[in-house]
Participant: 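This is the structure, below, for whatever I ask next.
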There are 2 protein chains.
Amino acid sequence: MSVLISCGQQTEKELIATSPAPEQDPLPSWNEGSTKSAILDYVTAVTNPDSADFIPIDDRIATFDNDGNLWSEQPAYFQLFFAIDRVKVMAESHPEWKDTMPFKAVLEDDMAGLISTGEHGLLELVMATHAGMTAIEFESIVDDWLKASKHPRFDRPYNDLVYQPMLELLTYLRAHQFKTFIVSGGGVSFMRVWTEDAYGIPPDQVVGSSIKTVFEYDNGQASIRRLAELDFIDDKAGKPIGIHKYIGKRPVFASGNSDGDLQMLQYSADNTYKSFQLYLHHTDAEREWAYDRDSSIGRLDKGLDEAAAKGWTVIDMKGDWNVIYPFQVD
Amino acid sequence: MSVLISCGQQTEKELIATSPAPEQDPLPSWNEGSTKSAILDYVTAVTNPDSADFIPIDDRIATFDNDGNLWSEQPAYFQLFFAIDRVKVMAESHPEWKDTMPFKAVLEDDMAGLISTGEHGLLELVMATHAGMTAIEFESIVDDWLKASKHPRFDRPYNDLVYQPMLELLTYLRAHQFKTFIVSGGGVSFMRVWTEDAYGIPPDQVVGSSIKTVFEYDNGQASIRRLAELDFIDDKAGKPIGIHKYIGKRPVFASGNSDGDLQMLQYSADNTYKSFQLYLHHTDAEREWAYDRDSSIGRLDKGLDEAAAKGWTVIDMKGDWNVIYPFQVD
C-alpha cells in the first residue's frame with residue numbers, strides 16, 4: 001500500500017512545493033496574455049506552502065457553471081433541444097399535443113411560438129419530458145439521445161461542443177488538488193449522465209436544478225421515481241444556496257459566463273482566502289457565438305460591469321483561446 | 001508532475017491487484033469472526049480486477065448513517081443536547097420561554113415534559129436554536145459548543161464518542177478507493193462542522209436534513225442566512241431520495257443501525273454490482289448501550305427481521321468489537 005500512501009495530501013503538497021515548474025504548458029489552448037497569466041499566477045500562489053496566500057488542499061473548492069461556460073449554449077440550451085426531441089418522440093402517444101401549446105409549437109417547429117409561451121410553457125415542456133419515469137429510465141433516455149442527436153450548426157453530438165481550454169483548466173486545477181464542481185441551472189440528472197466522461201467530474205460533484213422524487217420499493221425492487229414538481233432552481237441567488245447545500249464550503253475559484261452566475265462569483269469573492277473570479281465573455285461569432293448584454297440566452301450585462309468594477313478576470317474567447325472544441329485540436 | 005500522475009486510478013487499480021495482502025490487520029478493533037470476514041471478503045472480491053465481482057473505482061460508493069452508527073446516540077441524539085444547551089444560553093433574551101413549552105421543559109430539565117411535546121415541540125426547539133443566523137455564525141456556535149460541552153455519561157466531548165471500529169472501516173474502504181459518504185437524519189450543517197476531522201469525510205460528502213436558506217448580499221458582503229423552515233428530512237425513504245439528489249449514484253456499500261436506515265440498505269441491495277448491507281446492533285450495555293426493537297431512539301425492529309431474511313451482515317457490538325471508542329485504545 002506504500003505507493004497509495006505516498007499519494008497522501010502532505011506528500012502531494014510537498015511535491016507541488018518542491019517540484020520544478022512543469023516543462024509542458026498546462027494550458028496550451030490558452031494564448032499567452034493577461035488572462036492566462038492571471039490563472040497561472042493565482043494557482044501558483046495559493047498552492048505554494050511558503051506563500052502567505054497558501055490554501056490548504058481541503059479548502060481548494062472550484063465551481064464552474066456549465067451552459068455557455070464548459071460547453072456551448074447556442075442557438076438554445078442543449079437541454080431544451082433534448083426536451084423538444086422528446087416531445088416529438090412522445091407525440092405519438094399524445095395526440096392531444098398537436099392542438100395544445102407549448103407542444104403544438106414544438107411539433108410545428110415554431111420556436112417563436114414556443115418562446116412566446118414563456119417560462120410557464122417551457123416548464124410544462126420540461127415536466128412532460130423529464131418526469132414520470134424512474135431515475136434509471138431517465139438516465140438511459142438522456143444517454144440514448146446524446147448518442148443519436150446532433151447539434152444543428154456543427155452537425156456533431158452535443159457533448160462534442162465542450163470547450164477545450166476549459167477542459168485544460170479543470171485538469172490543471174485538479175492536478176493542484178482543487179476539487180472541481182459543476183454548479184449549473186441545468187437539470188442535475190440530465191448533466192450527471194455525461195459530465196463524468198466529458199469533464200472528469202463525478203455525479204456527486206454536480207450541483208444543478210432538480211425536480212422532486214419519491215422512493216418506491218416492491219419486493220426487492222428499489223426505484224427513485226421522478227415527479228412533475230420543481231424541487232430546486234440552481235440559478236442566480238440559487239447558486240450560492242446550492243453551493244452551501246451540496247458542497248458546504250465557499251469556493252475559492254468560481255467560473256461562469258452570465259448574470260445567472262453573478263451571485264456565485266460574489267459569494268466566492270467574499271472569502272477569507274485569496275479567491276479567483278472568472279467570467280467567460282462570448283466574443284467569437286466565427287468560431288462559436290458572440291453575445292452578451294442583450295442576449296436572451298446567457299445574458300452577461302450586470303456581470304460585465306461588476307467584473308470591471310471588481311477587477312475580476314474576463315476571458316475574451318476570440319483573443320484568449322486559440323482553439324474552442326476538442327475536435328479542432330490538431 | 002509524474003508522481004501525481006502515477007496516483008491515477010488505473011495505476012491504483014493495478015497496485016491493488018498486484019500488491020501482496022497488507023501485513024497489518026486493517027481492522028484491529030474487530031474480533032475475528034464472520035462479521036469481520038464478510039467485510040474483508042467483500043472488499044477483496046470487488047476490488048480485484050480479475051474477479052467477476054470487480055467494481056470500477058468510480059462506482060465504489062459507500063454510505064454511512066451517523067447517529068448510533070459512527071458515533072453514539074444515547075441517552076439522546078447529541079444534536080438534541082446541543083439544542084437544549086442553546087436554549088439555556090438563549091433563555092436570557094427570551095424571558096417568555098420560562099412559561100412556554102417546549103422551552104419551559106428544557107429550562108426545568110424536564111426531559112419527559114419535552115418528549116411529551118412530540119415532534120412538533122422538538123421541531124420548535126430545533127428552529128429556535130438552528131435558524132435566524134448566518135451559516136458562518138451557526139458553524140462557530142456548533143464548534144464552540146463541541147469544545148465546551150461534555151457527554152453526561154462519559155464526561156468527554158461528544159466527538160470523542162465516535163466508534164473506533166468504524167473509523168478503521170472508513171479508512172479501509174478509502175484505501176480501496178471507495179468514496180465514503182455520511183447519509184444521516186441529523187442536520188447537515190451541524191455535522192459538517194466536525195465530520196471532516198472526526199471521520200475524514202469532507203462537507204460535500206455529508207448528506208443530511210436541512211432547513212431553507214437565503215442568499216444575502218450587501219456591498220461585497222455575501223452571506224447564507226438560515227431560515228426557520230424545513231427543507232429536507234434525510235430519514236427513512238428520504239435517505240435514498242437524498243442519496244439520489246446529492247450523490248447521484250447507488251451505493252454498493254450501505255451501513256446503518258436503525259429502521260430509519262432500512263430504505264437506504266434496500267436501495268443499495270437492489271444493485272447491478274455485488275453490494276454489501278451492514279447493520280450495527282447495539283448489544284453492549286456495559287461499554288456502550290443495548291437497545292433495538294423497543295427503543296424510541298435508534299429503533300431497530302423491521303431492520304433486524306429484513307437483515308435476517310436477506311442475509312445482510314449484522315454487527316454484534318458486544319461480540320464483534322474489542323474496543324468501542326478511540327480513547328479506549330491502548
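Chain naming here is simple, since letters A, B, ... match the order of the sequence lines and numbering starts at 1 in each.
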Participant: Contact between A:T213 and B:K245 at the side-chain level, heavy atoms closer than 4.5 Å - yes or no?
Facilitator: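 Sidechains of B:K245 and A:T213: no contact.
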Participant: Do any of residues 232-243 of chain B have a heavy atom less than 4.5 Å from a heavy atom of chain A, and if so, which, in residue order?
Facilitator: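 When heavy atoms of chain A are the reference, residues 232-243 of chain B contributes B:A237, B:P240, B:I241 within the under-4.5 Å range.
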Participant: Any heavy-atom pair between the side chains of A:K179 and B:D204 that's under 4.5 Å?
Facilitator: yes
Participant: Of the backbone (N, CA, C, O) and the side chain (C-beta and beyond), which part of A:N271 lies under 4.5 Å from a heavy atom of chain B, both, or neither?
Facilitator: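 Contact with chain B is absent: no heavy atom of A:N271 under 4.5 Å.
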Participant: A:H244 and B:A135: which non-hydrogen atoms are nearest, and at how many Å?
Facilitator: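 Result for this residue pair: CE1-CB, 3.4 Å.
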Participant: Please find the pair of heavy atoms, one from B:P203 and one from A:K249, that lie closest to each other, and give the distance.
Facilitator: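 That closest heavy-atom pairing would be CG-CE, 3.5 Å.
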Participant: Can you tell me how far apart OH (A:Y217) and CD (B:Q266) are? Round to the nearest 0.5 Å.
Facilitator: 4.0 Å
Participant: For the backbone of B:A222 and the side chain of A:D270, can you confirm whether one donor and one acceptor N or O come within less than 3.5 Å of each other?
Facilitator: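 Yes; judged by distance alone, with no hydrogens or angles, the pair exists.
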Participant: Go through the atoms of B:E216 and report whether side chain, backbone, both or neither lie under 4.5 Å from a heavy atom of chain A.
Facilitator: neither
Participant: Which atoms of A:S210 are under 4.5 Å from chain B, going by heavy atoms: the side chain, the backbone, both sets, or neither?
Facilitator: neither
Participant: Where does B:I136 contact chain A at under 4.5 Å (heavy atoms): side chain, backbone, both or neither?
Facilitator: side chain
Participant: How about NZ on B:K310, more than 12 heavy atoms from neighbouring residues, nucleotides or ligands closer than 6.0 Å, or not?
Facilitator: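 Result for NZ/B:K310: enclosed.
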Participant: So for A:Y246, is it side chain, backbone, both, or neither that comes closer than 4.5 Å to the heavy atoms of chain B?
Facilitator: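 Its backbone and side chain both get close to chain B.
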Participant: For chain B, find its close neighbours in residues 184-200 of chain A: heavy-atom separation under 4.5 Å, sorted by number, or none.
Facilitator: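 Expected list: A:S189, A:R192, A:E196.
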